[in-house]
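Encoded as structure tokens, the structure appears first; notes follow it.
A, B, ... follow the sequence lines: proteins, then strands. Residue 1 opens every chain.
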There are 2 protein chains.
Amino acid sequence: MTANRVPPAQLAPQLRDAITRLNRRVRQARPVGDLTVTQLSALTSLRLAGALTPRELADVERVQPPTMTKIVAKLEERGLVQRTPHPTDGRQVILAATEGGRAVLDQFERARNEWLASRLAALTEDERDTLRRAADILQQLARA
Amino acid sequence: MTANRVPPAQLAPQLRDAITRLNRRVRQARPVGDLTVTQLSALTSLRLAGALTPRELADVERVQPPTMTKIVAKLEERGLVQRTPHPTDGRQVILAATEGGRAVLDQFERARNEWLASRLAALTEDERDTLRRAADILQQLARA
DNA sequence: CAGGCTCATTAGTTAGGCTAACGACTGTGA
DNA sequence: TCACAGTCGTTAGCCTAACTAATGAGCCTG
């Protein structure tokens, strides 16, 4: 299969549409439990990083500090996040996912992937290969 | 190029990560003007369809009718959408983007695509072709 | 060691989503 | 033919999630 010429200006809106719509779809596949997308995202970032201050987590999530205060408060209520004082700086706080938080995360992760995985299973081997290569390229774009 | 075997369970998280991250990235490239993402999306759907009733637009946007009432009200305030009575059914209303609405849309569209288009331009012809085919498959998944 | 800075939080606003309920209108069946 | 069930859009009221501005606690430097 020869590569067609694909002008970036034409590909961009197509790709953007595909991504935003599929993203909506994936988000709609909400598993059991009542964590919101925002809370889930923050918890995920927190686990990934290990431990962060509210400010750092806010930066990672691209949210203002007061917003993160609220999100963390809700996660803490449910015992999914733990707050410990900073060892040397009395102003700061250290946030970390609790064991319960990590367990909830695993559950969500599985359920979210299930929907997509079942759809992917219906594709041909060729289509999946195209998506695999595309995923690499998209990751690269997102990092740029 | 032969197709590798790609188990769906393995591809799903990769693809999901790529999509959610790139989606955040695209959304952050917000252009000038004060239309929100929601309003922009509704306006886009409206222009695409030509003219719709509130109910139809709500269905397209996957939103409940009362929510669409609010969104349309804001778009109407700015003169981007026009409301006309249905010719035969007194209950219904016909919504359409005004010329001003279409102009605003063009502006946003350009600015949003710019970031992505410039990144795409840096890829090889092969990579862009992969993404083009992937975009089709992703659209298909989103509709499923 | 006084003053300015940083960090987290609180207070208050706005957007965007939902359900429940309602009034206007349509269309059908007795 | 007309009573009534259903549809359409809207209003009301609630919640989440984001923002900015302001506040108070703690740090650090001149």
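- The residue from Arg62(B), Arg55(B), Glu56(B) that alone fulfils the side chain to side chain contact (heavy atoms under 4.5 Å, CB included) condition with Asp59(B) is Arg55(B).
- Between Ile94(B) and Gln39(A), the one whose closest nucleotide on DNA chain D sits nearer the 5' end is Ile94(B).
- Residues meeting the side-chain hydrogen bond (donor to acceptor under 3.5 Å, both in side chains) test with Ser45(B), sequence neighbours left out: Glu61(B).
- If you walk DNA chain D from 5' to 3' and mark each nucleotide with an atom closer than 4.0 Å to a heavy atom of chain A, the marks span dT16(D) to dC27(D).
- Across all their heavy atoms, Ala12(A) and Leu116(B) have their closest contact at O-CD2, 3.5 Å.
- Sorted by first and then second residue, the side chain to side chain donor-acceptor pair (under 3.5 Å) pairs involving residues 96-106 of chain B (not counting sequence neighbours) are Arg47(B)-Asp106(B).
- One hydrophobic cluster, built from ILVMFWY side chains closer than 4.5 Å, cannot hold both Ile94(A) and Met68(A); they sit in different ones.
- For the side-chain contact (heavy atoms from CB on, under 4.5 Å) test, residues two or more places apart in sequence or in another chain that qualify with Gln10(A) are Pro7(A), Gln14(A).
- Across its full length, the helix from dC1(C)-dG30(D) to dA30(C)-dT1(D) shows an angle of 0° between the axes of its 5 terminal pairs at either end, rounded to 10 degrees.
- By the side-chain contact (heavy atoms from CB on, under 4.5 Å) test, Thr67(B) pairs with Val63(B), Gln64(B), Ile71(B), sequence neighbours left out.
- Of all the residues in residues 65-76 of chain B, Pro66(B), Thr67(B), Lys70(B), Ile71(B), Lys74(B) reach under 4.0 Å from DNA chain C with at least one non-hydrogen atom.
- In summary, contact between chain A and DNA chain C, defined as any nucleotide atom under 4.0 Å from a heavy atom of the protein, begins and ends at dT6(C) to dG12(C) in the 5' to 3' direction.
- For the segment residues 84-92 of chain B, residues with any heavy atom less than 4.0 angstrom from an atom of DNA chain C are, sorted by number, Thr88(B), Asp89(B), Gly90(B), Arg91(B).
- Closest heavy-atom contact between Ala42(B) and Leu57(B): O-CD1, 3.9 Å.
- Between Thr53(B) and Leu95(B), the shortest heavy-atom contact is C-CD1, 4.2 Å.
- The line from CG of Leu80(B) to CG of Leu35(B) is 6.0 Å long, rounded to the nearest 0.5 Å.
- For the pair Pro8(A) and Ala121(B), the tightest heavy-atom approach, listed with the atom from each and the gap, is CG-CA, 3.7 Å.
- Nearest heavy atoms, Leu43(B) versus Ala97(B): CD1-CB, 4.0 Å.
- Scanning for side-chain contact (heavy atoms from CB on, under 4.5 Å) contacts around Thr130(B) gives Thr130(A), Arg133(A), Ala134(A), Ile137(A), Arg133(B), with sequence neighbours left out.
- Applying the side-chain contact (heavy atoms from CB on, under 4.5 Å) rule to Thr88(B) yields the partners His86(B); only residues at least two apart in sequence or on another chain are considered.
- Every pair passing salt bridge (charged side-chain N to carboxylate O under 4.0 Å, His left out) that includes a residue from residues 80-96 of chain A is listed here, sequence neighbours excluded: Glu76(A)-Arg83(A), Asp89(A)-Arg91(A).
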